[in-house]
Amino acid sequence: MVTPEARSTTAAGGLELGGCEAGALVARYGTPLYVFDEGLIREKCRAYRAAFESRYPQVDVAYAGKAFLCLAMARLVAEEGLHLDVASAGELHTAVTAGVPPARLVMHGNNKSPVELAMALDSGVGRIVVDNLPELGLLGGLVARRPGRRPQEILIRVAPGVDPHTHRRIRTGQGDTKFGLSLAAGQAMEAVLQAVGTPHLLFTGLHAHVGSNLRDARAQVQALETILDFAVQVREETGLTLENLNLGGGLGIRYLPRDEIMPLEDFAEAITTALLEGLARRHLPLPRLMLEPGRAIVGEAGVTLYSVGTVKEVPIDEPPGTRLYAAIDGGMSDNPRPQLYDAAYTAFLANRLGEPADTEVRVAGKHCETDILIQSVALPRPRAGDILAVPSTGAYTYSMASNYNRFPRPAAVFVGNGQARLVVRRETLDDIIRQDVLAPAES
Ligand code: LLP
């Protein structure tokens, strides 16, 4: 078990991860390695469900697969009774192949292709969240061409015009956004009316996701007010009341010891209280509350293990005159978040837990760019061969990994009760050239 400030050790003094020793995992699977504490993921799934189910009568929690998805993860969330949010043909294919009941799938995307929509219909996804008017038309046409099929349940994604005060690249609820339909400009109402008038489409509610890695529930609560006002207008215009209200994901996690994130129970309390009061004030019946956490389920359960290679002292202009760089055997290809969002992480040396962290180190990746994983962290003076462990790397790391510089993507393992199981194989050098074609031009 690892948090940004605490870690447990094995009897032999090594880093303990799900009852396994980090050094043994490295010996078996190599580095870089994504290690997930399976018990902790399951705990988070249960805690999320319990926090909302204990406060509100009808709740569906869907895990947002974009945070981390593979067959084993899809199966795990289904076993925990969660639904699954998929946002592409690839995520849908993964979910269906893993055996997730299709009724429990929620299909997302701001630019779903006809092929993706047809796939969603053919695999029987429970709900499609419609992002825009052209999609509504397209979907209506596809459903009409499947006579005898049950009506497709849809939610309309709205842009509530809320600024969630998170990193600019992960804000989605504001007005100027590529996601959803504007409430203020009337596009959302136009979509609702069109949906209600489309045979074989069953409009059952609204969706809004305001942003990611949020410290508290303020943005969701603010969005809720706007959405409930809209629900009143929908009732006036169509006579329909919401069966479903999907508030997306967004609860942040702790990356650094100083990070303060609202506890899940308080987050659930704030949202359900605002919802119950907001509904009562408007004399609206209770919809089913749907949530889509990604990061909060899987982020803190993941630790990335790297091997330290080159360690070098670099002269710099400011005091103390030198900087110690330690390069690891990965970088922006396995975790692009520092480059994309200035994400900050902490780290420690898994093989030297007892030693004082008395040296300030800059941790660099090994790509042909200045891919700094951590600007500054205190470690025992690192040496080649050390194992660097980076906590809170379960979300948006493997799922955003690339083959930049033709690096094979790392393996991922689930650990628990002293056992490890491989859930994603490490790519090989042959995988790197697998899709390459050396052939004469086709005429
Ligand atoms: N539902 C929808 C419709 C979403 O777009 C997202 C995230 C979620 C749920 C899950 O949000 P979460 O609970 O994980 O905050 N790559 C970025 C995060 C992008 C989030 C995109 N949408 C990062 O690494 O911070």
Side-chain angles (χ1 to χ4, degrees), residues 34 41 44-45 47-48 51-52 60-69 73 77 82-88 91 105-112 127-132 155-160 164-174 177-181 205-217 219-220 223 244-255 259 261-262 264 267-268 271 289-302 304 332 334-345 373 390 392-402:
Y34 302 111
I41 303 178
K44 298 278 182 188
C45 291
Y48 216 98
F52 283 90
D60 283 347
V61 177
Y63 167 65
K66 67 210 78 192
F68 169 68
L69 197 64
M73 183 65 194
V77 296
L82 268 62
H83 292 227
L84 182 60
D85 145 6
V86 292
S88 68
E91 290 181 2
L105 297 177
V106 185
M107 179 77 179
H108 273 288
N110 69 305
N111 183 22
K112 302 178 193 78
R127 299 176 177 107
I128 297 178
V129 179
V130 172
D131 174 270
N132 54 71
L155 271 62
I156 302 281
R157 178 162 181 170
V158 298
H165 300 291
T166 186
H167 190 281
R168 66 187 164 80
R169 299 224 179 100
I170 53 176
R171 278 177 218 158
T172 44
Q174 72 280 16
T177 170
K178 72 169 193 173
F179 292 106
L181 289 141
L206 302 172
H207 175 282
H209 169 80
V210 290
S212 195
N213 204 24
L214 308 177
R215 293 182 185 281
D216 54 50
Q220 273 95 347
N244 294 302
L245 176 56
N246 189 328
L247 289 179
L251 181 60
I253 60 166
R254 297 184 63 242
Y255 287 96
D259 287 341
I261 303 289
M262 181 182 246
L264 173 61
F267 181 74
I271 289 179
L289 173 60
M290 303 171 71
L291 301 143
E292 293 172 339
R295 191 187 319 259
I297 299 292
V298 81
E300 291 176 359
T304 310
M332 64 186 287
D334 58 78
N335 184 356
R337 300 194 69 258
Q339 268 65 40
L340 286 172
Y341 320 115
D342 299 317
Y345 291 91
L373 181 66
V390 185
S392 290
T393 47
Y396 303 109
T397 49
Y398 169 74
S399 66
M400 297 205 299
S402 75

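First listed ligand is number 1; within each ligand, the first listed atom is number 1.
Between A67 and ligand 1 there is no heavy-atom distance shorter than 4.0 Å. Ligand 1 is never approached by A296 to a heavy-atom distance shorter than 4.0 Å.
Within ligand 1, counting atoms from 1 as listed, the ones closer than 4.0 Å to a heavy atom of R295 are 12 (P), 13 (O), 14 (O), 18 (C), 23 (C), 25 (O). Of all atoms in ligand 1, listed by their number and element, those nearer than 4.0 Å to a heavy atom of P293 are 13 (O). Ligand-side atoms of ligand 1 in range of H207: 3 (C), range being under 4.0 angstrom from any heavy atom. Contact atoms of ligand 1 toward A64: 8 (C), 9 (C), 10 (C) (distance under 4.0 Å to a heavy atom of the residue). Residue M400 has at least one heavy-atom neighbour below 4.0 Å for each of these atoms of ligand 1: 16 (N), 24 (O). Each of the following atoms of ligand 1 lies closer than 4.0 Å to a heavy atom of G250: 11 (O), 12 (P), 13 (O), 15 (O). Within ligand 1, the atoms closer than 4.0 Å to a non-hydrogen atom of H108 are 3 (C), numbered from 1 in the order shown.
At a heavy-atom distance under 4.0 Å, only side-chain atoms of Y341, from C-beta outward, approach ligand 1. If you look at E292 next to ligand 1, the close heavy atoms, those under 4.0 Å, come from the backbone and the side chain alike. Looking at R157 against ligand 1, only its side chain comes within 4.0 Å, counting heavy atoms. Within the 4.0 Å heavy-atom criterion, neither part of L340 lies near ligand 1.
In this structure, Q220 contributes its side chain and V210 its backbone to no donor-acceptor pair below 3.5 Å. K66 places no side-chain N or O within donor-acceptor distance of the main-chain N or O of D85, the cut-off being under 3.5 Å.
By the side-chain hydrogen bond (donor to acceptor under 3.5 Å, both in side chains) test, T304 is found to be paired with T393, residues two or more places apart in sequence or in another chain being considered. Looking at residues two or more places apart in sequence or on another chain, you find a side-chain contact (heavy atoms from CB on, under 4.5 Å) between A343 and R337, Y345.
A 6.0 Å sphere centred on OH of Y48 holds more than 12 heavy atoms belonging to other residues, nucleotides or ligands.
D131 has no carboxylate O lying under 4.0 Å from a charged side-chain N of K178, or vice versa, which leaves the two without a salt bridge.
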Worked check of side-chain contact (heavy atoms from CB on, under 4.5 Å) between Y63 and V298: CA-CA 9 Å; Y63 167 65; V298 81; 3.6 Å; yes
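The shortest distance between side-chain heavy atoms of Y34 and D334 falls below 4.5 Å. No side-chain heavy atom of V106 sits under 4.5 Å from any side-chain heavy atom of D60.
Between Y396 and ligand 1, a contact under 3.5 Å exists for at least one N or O pair. Taking only nitrogen or oxygen atoms, main chain and side chain alike, G248 does not reach within less than 3.5 Å of ligand 1.
Aromatic ring centroids of H207 and H108 lie under 6.0 Å apart.
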